Amino acid sequence: MEVNWPERFYCRSFVRKIAQWREVNFFRAVHPIPAGAKVLEIGCGDGGGAAIFARRFAPSLYHGLDVDPAMVKVAAGRRKGPDWDKRLFVLGDAERLPYADGAFDAVVNFGIIHHLPDWRRGLAEAARVLRPGGAFYFEEIYPPLYANPLFRVMLAHPREDRFHGPEFRAVMAREGLTLLPGFHESCLFILGVAIKTGRP
């Protein structure tokens with residue numbers, strides 16, 4: 001589902017970009033991918049995360065996908081950097097990715113899965129488009145952060161069938177995504193990298 005204006009404002013803020021820089025540096029420290037990899041970002045928003053990730057990982061191709069036409073337009077309008085032609089921003093649904101199985105070396109998720117009404121399908125789709133050995137780089141937040149009394153009124157999120165840490169990690173494992181050591185998790189969020197190793 002599309003984010004509402006308070007979350008869109010935050011996603012486009014300098015504060016969010018600093019957080020994404022820190023997350024991408026963490027991703028690179030946990031599991032670098034070779035230069036020239038093919039990368040998909042689900043829920044790319046305004047393209048700010050794409051610029052940060054591409055600068056640190058140097059992919060040969062970076063697809064950013066978002067369900068919000070306004071955000072895709074903003075992302076596509078960011079004409080900065082010599083490698084811009086390697087980036088493509090497309091309108092699409094993270095629950096129904098328009099890509100073949102194993103099409104990407106990495107999938108990036110800057111806190112989008114919790115926005116999906118069918119979050120299990122979103123995780124399954126992320127795993128499906130990863131090649132064996134590919135990396136799922138993710139930041140996710142849990143209901144105590146976004147569904148507390150204040151943010152529940154301010155932000156637009158699905159309210160049914162939400163996940164906490166055990167559910168999120170269990171579905172990743174079911175989809176063949178093996179969580180690497182060194183991930184950070186609290187009752188509010190998880191930040192980590194998982195490798196597609198195949199379904200158990």
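Remember, predicted model here, so these are calculated numbers, not experimental data.
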Charged N to carboxylate O below 4.0 Å: is that the case for [X] and [Y]?
X    : Y    : value
R128 : D101 : yes
R169 : E185 : yes
E139 : R16  : yes

Can you tell me how far the [atom1] atom of [X] sits from the [atom2] atom of [Y], to the nearest 0.5 Å?
X    : Y    : atom1 : atom2 : result
R162 : E167 : CZ    : CD    : 11.0 Å
I141 : I113 : CD1   : CD1   : 12.5 Å
E125 : L65  : CD    : CG    : 10.5 Å
I52  : Q20  : CD1   : CD    : 5.0 Å
D118 : L123 : CG    : CG    : 10.0 Å
D46  : D66  : CG    : CG    : 9.5 Å

Task: Closest approach of V90 to V72 (non-hydrogen atoms, all atoms of both residues) - done: O-CG2, 3.6 Å

- [ ] Compare every heavy atom of L97 with every heavy atom of A126, then report the nearest pair and how far apart it is.
- [x] N-CD1, 4.1 Å

Open item on the list: For Y99 together with H63, are the ring centres under 6.0 Å from each other?
Closed with: yes

Task: side-chain contact (heavy atoms from CB on, under 4.5 Å) between F168 and H114, worked out - done: CA-CA 10 Å; F168 186 75; H114 73 277; over 6 Å; no

- [ ] Test F183 against I190 for side-chain contact (heavy atoms from CB on, under 4.5 Å), laying out the working first.
- [x] CA-CA 7 Å; F183 67 93; I190 184 169; 4.1 Å; yes

Open item on the list: Parallel, tilted or perpendicular, judged at 30° and 60°: which one describes the rings of H184 and F26?
Closed with: tilted

Task: Identified ring-ring contact (aromatic ring centres under 6.0 Å, His included) partner of F57 from the options Y137, Y62, F27 - done: Y137

